[in-house]
Asker: 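Submitted below is the structure of interest, expressed as structure tokens.
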2 protein chains.
Amino acid sequence: MASRAKATILDIAREAGVSKSTVSLVLQGSGLIRPETAVKVRKAIEDVGYVYNRGAANLRKAHSNVIGMVINDLTNPFFAELAVGMERVFQAAGVVPFIANTAENPVRQEEVLKSMMEQGVAGLIVSPARGTTPGAFRRIEAAGVPVVFAMRRLPESRIPAIAPDNHRGACLATEHLIRKGHRRLAFFGGSSDLVVYQERLGGFLEACEAFAIPVADRTIVEGETSRKGGMACLETALAISEPPTAALCFNDAVAFGVMLALRKRGLEAGTDFAVVGFDDVAEAEHYSPALTSVAVDTAGLGERAAHVMLKMIQSRTTRAEDHIGAVSLVVRESSGPNRNSQVGDAA
Amino acid sequence: MASRAKATILDIAREAGVSKSTVSLVLQGSGLIRPETAVKVRKAIEDVGYVYNRGAANLRKAHSNVIGMVINDLTNPFFAELAVGMERVFQAAGVVPFIANTAENPVRQEEVLKSMMEQGVAGLIVSPARGTTPGAFRRIEAAGVPVVFAMRRLPESRIPAIAPDNHRGACLATEHLIRKGHRRLAFFGGSSDLVVYQERLGGFLEACEAFAIPVADRTIVEGETSRKGGMACLETALAISEPPTAALCFNDAVAFGVMLALRKRGLEAGTDFAVVGFDDVAEAEHYSPALTSVAVDTAGLGERAAHVMLKMIQSRTTRAEDHIGAVSLVVRESSGPNRNSQVGDAA
DNA sequence: TTGATTTATTGGAACGTTCCATTTATAGCG
DNA sequence: CGCTATAAATGGAACGTTCCAATAAATCAA
């Protein structure tokens with residue numbers, strides 16, 4: 001079947017009785033070669049068990065066909081969904097996305113980015129890890145490799161970002177809680193070194209402002225963006241003298257944690273304390289009680305990011321516009337007795 | 001900062017006033033070069049904004065430092081956990097794992113594998129997609145690239161597999177249900193074209209046999225391995241004349257679906273119908289009622305798979321032993337009123 | 001038939017590394 | 001001082017492709 005040493009186009013050429021250039025042309029699907037020749041060559045390729053060496057090709061070619069996706073936390077289903085959305089688009093464009101996980105660790109991220117650059121990726125889609133330094137992408141930009149940020153952005157950076165309208169989403173959710181009659185509100189989870197956090201918290205505060213919620217009645221508890229973090233937030237908040245009666249959570253994981261902590265205290269989300277999440281991951285719908293959450297169309301943002309990347313590569317530019325995705329509040333049980341079921345909105 | 005065109009070792013050599021060979025040596029951390037020279041070279045590397053071209057290097061070197069991880073469903077947190085376990089090990093070994101998702105699609109898988117081979121991966125860790133044909137890995141084996149299967153295996157294949165003791169896990173879980181007093185049992189979800197399915201169903205049947213459960217009282221419903229699939233399974237099972245009172249589910253996703261469908265009918269898992277899952281994903285613990293499930297130590301299996309791969313690469317062999325991971329039943333609420341809390345076991 | 005044009009095919013020079021065989025410099029020793 | 005032994009640095013060929021310029025073959029116009 002396959003010969004001993006790795007077969008090259010030279011072996012194919014010999015086998016098919018043509019020149020290596022002809023083989024190369026066939027490999028690239030050039031219309032210049034005579035159909036019969038092409039058939040002959042393709043047969044030889046099959047016979048010698050040839051595998052194309054993209055590394056060698058990239059030595060001559062301008063662009064590779066791989067794009068790197070660098071994700072801060074693959075175990076969060078939210079990011080997995082994002083990745084899947086992008087994959088769909090890239091597959092159709094004949095581009096292969098390689099995914100790498102940084103586990104929210106800037107050092108690891110540095111290594112991963114370096115590695116991807118060394119592989120010669122055509123572009124990079126990144127959801128930056130917490131604590132990424134502003135200069136982390138300087139070298140990559142200098143090398144002319146297009147980068148787009150997905151879901152998260154960096155404080156002062158010219159790199160285009162594709163993200164949901166965090167401010168508006170948080171506003172919508174907070175308004176919803178206030179309309180339900182809550183007057184002492186909390187914002188749970190996340191930390192201020194994340195731009196997303198600033199945006200979501202900003203939306204929360206704006207709504208509070210708009211409805212004249214006094215500053216003293218706004219409880220803000222930073223914390224890990226995980227179930228565990230959520231549990232801790234609730235404990236902290238309930239310990240104060242005039243505890244809040246409702247909370248907007250930084251993301252769904254935090255919200256799940258809050259609901260868990262409530263149950264541990266014999267309280268129920270929705271009736272004893274209102275909880276709203278952010279991201280609307282698939283689980284939100286299936287939780288009990290079902291979680292009210294801000295839907296951000298994750299897969300859609302992934303597709304959008306992929307399209308932007310493709311366009312950047314094509315027009316060999318390193319610049320593109322930001323894109324802010326529409327959000328909508330999906331009202332379920334965790335925020336209190338039902339009235340209506342979905343409040344849509346486009347940004 | 002960075003020069004116009006991409007810098008190469010030649011540029012560095014010129015900048016540092018040494019030969020390209022010296023630069024190459026420094027890049028590889030050879031002890032042959034004088035420390036002062038190394039420092040000089042490293043400075044030059046920094047100055048010209050050099051990025052190493054691994055493609056070019058691989059043209060000469062035997063092995064690349066990238067390993068491909070091909071996963072059938074990244075949105076399943078179970079597989080994401082697996083991936084994360086492997087990453088830990090690889091990182092420590094200075095190897096970069098690139099992850100790709102096949103979305104349970106054999107055609108997509110073919111493309112992904114081809115692409116990884118073209119990139120010149122040193123090895124491949126694969127959780128094969130459903131319906132993978134036995135010959136899918138022939139060419140890869142012929143090329144001498146080591147492959148290990150994780151979590152799933154292929155019917156008749158010499159490729160080593162790292163997987164949990166599915167048979168034993170299913171046995172354990174079924175026994176648990178029988179001990180709780182159930183006499184009409186169901187096995188929900190999965191389909192017979194998966195080896196894992198055969199193994200888990202086998203364990204279920206063995207336990208039934210051991211406790212003399214008549215064949216007529218065993219209900220087996222195949223279905224999608226998702227929440228949706230689980231819901232459908234329950235509907236089907238409850239429609240028969242003498243419906244089962246307990247079910248072992250192919251995996252946790254199916255179990256969640258079953259619990260959801262129960263609630264829709266006003267029934268509660270644990271009291272009205274016993275449910276046991278498989279995999280023990282993180283959510284299982286947090287569900288309500290908490291899901292009894294077979295824990296398989298996902299991350300541990302991932303680490304094991306990574307180690308096996310590393311060893312195969314090092315000893316340049318394409319063969320290795322299978323590895324069957326220990327399992328344990330984690331008893332929670334969904335299987336009925338508590339008695340004990342965890343039944344451990346090592347295979 | 002001949003030259004011009006089009007269609008297929010081909011050799012050879014890159015591309016950016018590594019690695020072997022040398023060369024050059026430095027030190028050690030009697 | 002001459003010789004060997006060791007340490008440090010180097011030139012050049014090779015790796016498997018692409019692509020340009022060139023050639024060869026086939027077709028056409030006159």
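Reminder, nothing fancy here: chain letters follow the sequence lines and each chain counts from 1.
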Asker: Please pick, from C/dG16, C/dT17, D/dT17, the nucleotide with the shortest atom-to-atom distance to any side-chain atom of A/Lys20.
Answerer: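 Shortest atom-to-atom distance from the side chain points to D/dT17.
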Asker: I'd like to know if A/Glu111 pairs up with A/Arg108 as an ion pair, taking the criterion as any Lys NZ or Arg NE/NH1/NH2 lying under 4.0 Å from an Asp or Glu carboxylate oxygen.
Answerer: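 Counted as a salt bridge, because a side-chain N and a carboxylate O are separated by less than 4.0 Å.
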Asker: With a 4.0 Å cut-off, would you call B/Arg139 and A/Glu46 a salt bridge?
Answerer: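 A salt bridge links B/Arg139 with A/Glu46.
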Asker: Would you mind telling me which residue lines up with the more 5' stretch of DNA chain C, A/Leu59 or B/Lys61, judged by nearest nucleotide?
Answerer: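 Nearest nucleotide further toward 5': that of A/Leu59.
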Asker: Check the distance between D/dC15's P and A/Lys6's NZ and give it to me in whole angstrom.
Answerer: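 So the NZ-P distance, A/Lys6 to D/dC15, works out to 13 Å.
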Asker: NA contact type, B/Ser21, heavy-atom cut-off 4.0 Å: base, sugar-phosphate, or nothing?
Answerer: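 It contacts base atoms.
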Asker: What does B/Thr8 touch in the nucleic acid at a heavy-atom separation under 4.0 angstrom: a base, only the sugar-phosphate, or nothing?
Answerer: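 Contact class for B/Thr8: sugar-phosphate only.
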Asker: Quick check on A/Gln28: does its CD atom have over 12 non-hydrogen neighbours (other residues, nucleotides or ligands) under 6.0 Å away?
Answerer: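 Above 12, so yes.
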Asker: Nearest to the A/Thr22 side chain among D/dT18, D/dG16, C/dT10, which nucleotide is it?
Answerer: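 Closest of the options to the side chain of A/Thr22: C/dT10.
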Asker: Nearest to the side chain of B/Ile33, which nucleotide is it out of C/dT17, D/dA9, C/dT10?
Answerer: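 Of the candidates, D/dA9 comes closest.
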Asker: For B/Arg14 and C/dG16, give me the distance from atom CZ to atom C1', rounded to whole Å.
Answerer: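 Checked: the CZ to C1' distance equals 13 Å.
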Asker: Please classify the nucleic acid contact of B/Leu27 as base, sugar-phosphate, or nothing, using heavy-atom distances under 4.0 Å.
Answerer: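 If one applies the 4.0 Å heavy-atom cut-off, B/Leu27 turns out to touch nothing in the nucleic acid.
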Asker: Taking atom P of D/dA24 as reference, at what distance in whole Å does atom CG of A/Leu32 sit?
Answerer: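 Rounded to the whole Å, the gap is 19 Å.
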Asker: Mark yes or no for a side-chain to base donor-acceptor pair under 3.5 Å between B/Arg60 and C/dT18, with no hydrogen or angle criteria applied.
Answerer: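 Indeed, a donor on one side and an acceptor on the other fall under 3.5 Å apart.
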Asker: Below 4.0 angstrom from OP1 or OP2 of D/dC19, is there any side-chain N or O of A/Gln28?
Answerer: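 Yes, within the criterion.
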Asker: How long is the line joining CG of A/Leu10 and C1' of C/dG12, in whole Å?
Answerer: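 So the two atoms are 12 Å apart, to the nearest Å.
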Asker: Within this structure, what is the CG-to-P distance between A/Asn53 and C/dC15, rounded to whole angstrom?
Answerer: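 My rounded result for the distance is 18 Å.
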Asker: Are B/Asp11 and B/Lys6 close enough for a salt bridge, meaning some N to O gap below 4.0 Å?
Answerer: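 Between B/Lys6 and B/Asp11 there is no salt bridge, as every charged N stays at least 4.0 Å from the carboxylate O atoms.
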Asker: Indicate, with yes or no, if the rings of A/Phe149 and A/Phe137 have centres closer together than 6.0 Å.
Answerer: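 Yes, close enough.
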Asker: Between A/Ile9 (CD1) and C/dG11 (P), how many Å, whole number?
Answerer: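 The distance from CD1 of A/Ile9 to P of C/dG11 comes to 12 Å, rounded to the nearest Å.
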Asker: How many Å lie between CD1 on A/Ile12 and C1' on D/dT17, as a whole number?
Answerer: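 Going from A/Ile12 (CD1) to D/dT17 (C1'), I get 11 Å.
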Asker: Report yes if a donor N or O on one partner sits less than 3.5 Å from an acceptor N or O on the other, where the partners are the side chain of A/Arg34 and the base of C/dA8; otherwise report no.
Answerer: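 Checked by distance alone, the answer is no.
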Asker: Calculate the interatomic distance between B/Leu25 atom CG and C/dT17 atom P; express it in whole Å.
Answerer: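 After rounding, the gap between these two atoms is 14 Å.
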Asker: Spell out yes or no: do the side chain of B/Ser19 and the base of D/dG11 have one donor N/O and one acceptor N/O closer than 3.5 Å?
Answerer: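 It does not, because no donor-acceptor pair links the side chain of B/Ser19 to the base of D/dG11 below 3.5 Å.
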